[in-house]
Amino acid sequence: MATGKINVSVDNIFPLIKKFLYSDHEIFLRELISNATDATLKLKHLAAIGEAKVEYGNPLIEVKVDKKGKKLHVIDQGLGMTEEEVKKYINEVAFSGAEEFINKYEDSAKDAGIIGHFGLGFYSAFMVADKVEIITKSYKDEPAIHWSCDGSPKFTIKKSKKEERGTEIILHIAEDSTEFLAESRITELLRKYNKFMPVPIKFGMKTETLPKPEGAKEEEPAPTKEVDNIINNPNPAWTKQPADLKDEDYKGFYREMYPMQFEEPLFHIHLNVDYPFNLTGILYFPKLTNDLNIQKDRIQLYQNQVFVTDNVEGIVPEFLTMLRGVIDSPDIPLNVSRSYLQADGAVKKISSYISRKVADKLNSLFKNNREDFEKKWNDIKIVIEYGMLSEDKFFEKADKFALYPTVDGSFFTFEELQEKIKPTQTDKDEKLVILYASDKETQHSYIEAAKAKGYEVLLMDSPIIGHLMQKLETSKEKISFARVDADHIDKLIQKEDTQISKLSDEEKETLKSELEKVIGEKSSYTVQLEAMESSASPFIITEPEFMRRMKEMQQTGGGGGMFGMGNMPEMYNLIVNTNHELVGEILNTKTAKKKERLINQSLDLAKLSKGLLKGAELTEFIKRSYDMVK
Ligand code: ADP
Ligand code: MG
């Protein structure tokens with residue numbers, strides 16, 4: 001058997017790089033600045049461990065556009081390269097010097113924050129340039145080198161006169177890429193990818209206004225000074241220790257990230273782990289509207305302070321993608337497809353870590369300042385409810401602090417709620433019936449009726465609450481939710497009420513058949529007689545809870561396909577209070593016409609109070625009512 005090594009010829013690699021290396025040509029600048037940053041941080045590290053005997057100082061990276069010469073320069077004051085190093089690191093495509101550096105200085109360099117990985121970043125310059133030059137002087141006592149390559153695999157290498165330590169990369173921008181000679185485009189790219197990189201980046205100069213000297217005249221303009229225009233903030237808040245930051249710092253960083261957001265975030269979560277993976281970041285809870293689609297400013301993903309993407313799908317749990325902020329991790333494999341990413345073990349751990357941290361933070365906010373937590377509830381509930389629905393582990397934690405507001409503005413945890421309603425809202429099967437309203441306005445009369453009975457009515461108005469109720473019903477024992485206008489409520493009333501009907505069985509028979517006659521066989525109302533207090537409404541319309549939920553699901557596209565049928569049938573109960581005076585009157589009215597009118601008018605009033613009276617029926621009702629009052 002023979003073994004061998006396949007020799008990949010690089011003759012045709014440049015067209016390939018140009019076309020396929022990165023789909024986004026603009027990232028070449030990110031790569032060059034990453035290399036310049038690496039070179040600077042490597043020097044810092046070597047100086048710190050005493051291997052480089054140099055004055056580190058306050059090095060900058062400078063980007064310059066030469067429009068006339070059609071050139072773009074990236075200049076650093078980092079460790080530079082010797083001739084041997086240029087040959088090794090630049091000429092051998094895909095031989096990554098960053099990786100070698102980390103391997104060599106394994107332990108001490110781990111925290112140096114080196115960005116490079118794949119050994120292809122430098123060549124991305126050929127996506128936009130048809131000639132690239134490197135002029136570099138190593139920190140070692142060796143002559144400076146001038147390397148030049150016009151995109152064919154041939155290159156030239158010669159000595160240079162460069163005196164200062166560091167590297168200058170010169171791109172001769174290609175005809176099809178002249179956009180990268182526009183200052184505005186470069187500024188845009190620097191802001192997008194390099195805004196928080198660890199070494200200061202200079203792009204041009206700017207005018208700074210100085211304070212007026214003492215005794216200066218009113219009309220005298222304040223003196224100005226030309227200073228370096230530094231694009232980035234090399235020390236963003238997330239790289240600092242939480243103990244070193246005040247609330248104001250977090251808010252300031254939020255404004256820095258989202259200058260277009262005028263509203264302050266509700267609170268933040270500082271992420272900071274180094275085992276079993278590295279991750280830092282700050283997540284902010286913004287005030288969220290109920291409209292889940294409005295979500296412009298997203299969480300940004302960084303690797304060692306280099307912006308990578310604002311698509312964090314798969315890395316941040318889905319329910320938290322509504323938050324804002326940054327996460328920074330060198331451990332997220334980004335050169336792989338999204339579907340692979342979701343299956344990656346490390347990424348899964350990151351996702352569940354984030355979810356856990358958020359739950360812990362919410363729990364401590366709830367515990368430490370419940371009043372404040374209640375105030376914020378409406379703005380954060382959507383995230384929490386969504387999380388409870390989508391992640392069982394989050395559900396377990398959130399179950400202790402998720403709040404259930406009542407229509408009167410009290411807040412209960414689920415446990416508190418159960419305790420509170422146990423004595424009054426248990427049905428015949430010992431099931432707790434939790435009453436809720438989804439709209440205080442349209443369900444007003446039902447809410448009032450339930451409150452009059454001493455029931456607690458929750459206000460559940462977020463868009464996904466229906467699904468959460470279903471989840472609670474299946475995961476908790478013996479509870480069910482019923483909207484105030486659902487049929488469950490009369491089951492409770494029945495049990496509660498020991499009211500005796502004023503009507504005899506015979507009278508009830510007659511009443512029922514007469515009502516059914518007027519309302520008509522084809523109608524969607526089932527008549528039910530019930531003995532309530534005389535002060536309760538004479539006619540009340542309720543709807544089976546399950547029916548209404550089905551309809552709601554159909555509207556939101558949930559149930560329609562499931563049954564493969566058209567609209568759900570209308571189905572209502574007409575509860576008639578046999579103890580109400582009006583009902584007695586209906587029974588005792590002799591003339592059929594008058595009886596019919598009383599029944600129709602009462603039914604219409606009940607429909608009106610449930611919001612069911614519409615169109616021609618409503619017009620007819622209003623006309624009839626005018627006739628009656630005149
Ligand atoms: P990577 O950054 O992944 O190692 P690159 O293709 O971006 O791969 O760079 C290859 C190597 O070239 C780097 O690892 C580094 O050793 C060297 N290099 C590139 N740019 C510079 C620079 N500005 N200063 C010093 N060395 C550099
Ligand atoms: Mg690189």
Side-chain angles (χ1 to χ4, degrees), residues 29-64 73-86 88-90 96-117 121-122 134-146 160-170 190 193-205 227-241 244 278 280 302-306 328 330:
L29 188 59
R30 178 190 81 188
E31 291 299 323
L32 295 182
I33 292 184
S34 295
N35 285 348
T37 302
D38 279 355
T40 311
L41 296 178
K42 281 176 190 168
L43 184 72
K44 186 181 184 180
H45 183 68
L46 294 177
I49 62 172
E51 197 150 311
K53 307 263 180 292
V54 296
E55 188 61 51
Y56 178 67
N58 295 305
L60 278 181
I61 293 167
E62 185 174 2
V63 180
K64 274 199 222 163
H73 301 245
V74 178
I75 307 153
D76 69 59
Q77 298 158 22
L79 86 176
M81 284 179 277
T82 61
E83 177 168 1
E84 196 190 326
E85 283 163 345
V86 170
K88 187 169 166 195
Y89 298 135
I90 299 298
S96 171
E99 207 152 326
E100 197 194 53
F101 185 88
I102 292 192
N103 289 341
K104 184 165 167 201
Y105 295 97
E106 203 164 357
D107 292 323
S108 64
K110 262 210 188 98
D111 301 324
I114 309 298
I115 300 156
H117 260 317
F122 170 73
I134 305 174
I135 303 168
T136 182
K137 167 117 180 67
S138 169
Y139 73 96
K140 294 170 192 160
D141 188 19
E142 284 190 43
I145 291 300
H146 189 153
S160 149
K161 289 203 186 75
K162 184 175 167 69
E163 302 241 319
E164 334 72 76
R165 177 194 68 227
T167 302
E168 174 167 5
I169 309 282
I170 306 166
L190 292 174
Y193 292 104
N194 311 101
K195 196 170 169 189
F196 298 114
M197 285 191 60
V199 178
I201 301 161
K202 172 185 165 180
F203 186 51
M205 303 293 282
V227 293
D228 291 347
N229 179 31
I230 301 295
I231 288 282
N232 55 334
N233 167 7
N235 300 302
W238 84 83
T239 61
K240 298 176 188 167
Q241 287 301 315
D244 298 334
N278 270 295
T280 51
Y302 288 75
Q303 262 187 5
N304 288 322
Q305 295 173 241
V306 188
D328 186 340

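- If you take NE2 on His73 and CD1 on Ile169, they are separated by 11.5 Å, rounding to the nearest 0.5 Å.
- When every heavy atom of Pro198 is checked against every heavy atom of Thr37, the shortest pair comes out as CG-CG2, 3.7 Å.
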Test side chain to side chain contact (heavy atoms under 4.5 Å, CB included) on Arg165 and Leu43; report intermediate values, then the result.
CA-CA 10 Å; Arg165 177 194 68 227; Leu43 184 72; 3.3 Å; yes
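- Contact of the Ile134 side chain with the Thr167 side chain is registered, since non-hydrogen atoms from C-beta on lie closer than 4.5 Å.
- Between Pro59 and Val199, the shortest heavy-atom distance links the atoms O-CG1, 3.8 Å.
- Atom CD of Glu31 and atom CG of Asp38 lie 9.5 Å apart (nearest 0.5 Å).
- Between Trp238 and Phe196, the ring-plane angle classifies as perpendicular under the 30° and 60° cut-offs.
- With a 4.5 Å cut-off on side-chain heavy atoms, Met205 and Asp228 count as touching.
- Put simply, the side chain of Thr136 gets close to the backbone of Met81: a donor and an acceptor are under 3.5 Å apart.
- Under a 3.5 Å cut-off, the side chain of Asn232 and the backbone N or O of Ile201 do form a donor-acceptor pair.
- The distance from atom CG of Asp141 to atom OH of Tyr139, rounded to the nearest 0.5 Å, is 12.0 Å.
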Mind running side chain to side chain contact (heavy atoms under 4.5 Å, CB included) on Val63 and Ile33 for me, showing each step along the way?
CA-CA 9 Å; Val63 180; Ile33 292 184; 3.9 Å; yes
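- Atom CD of residue Gln77 and atom CG of residue Asn58 lie 9.5 Å apart, to the nearest 0.5 angstrom.
- Nearest heavy atom pair, residue Ile75 against residue Lys64, reads CD1-CE, 4.0 Å.
- Checked against salt bridge (charged side-chain N to carboxylate O under 4.0 Å, His left out), Lys162 has the following partners two or more places apart in sequence or in another chain: Glu164.
- Residues passing the ring pair (Phe, Tyr, Trp, His ring centres under 6.0 Å) test with Phe203, sequence neighbours excluded: none.
- Among all heavy-atom pairs drawn from Met197 and Ser34, the shortest one is CE-CA, 4.0 Å.
- Pairs engaging residues 75-86 under the salt bridge (charged side-chain N to carboxylate O under 4.0 Å, His left out) rule: Glu83-Lys87, Glu83-Lys159, Glu85-Lys140 [sequence neighbours left out].
- Between Ile230 and Leu60 the shortest side-chain heavy-atom distance falls below 4.5 Å.
- When side chains are defined from C-beta on, Leu190 counts as touching Leu29, because their heavy atoms get closer than 4.5 Å.
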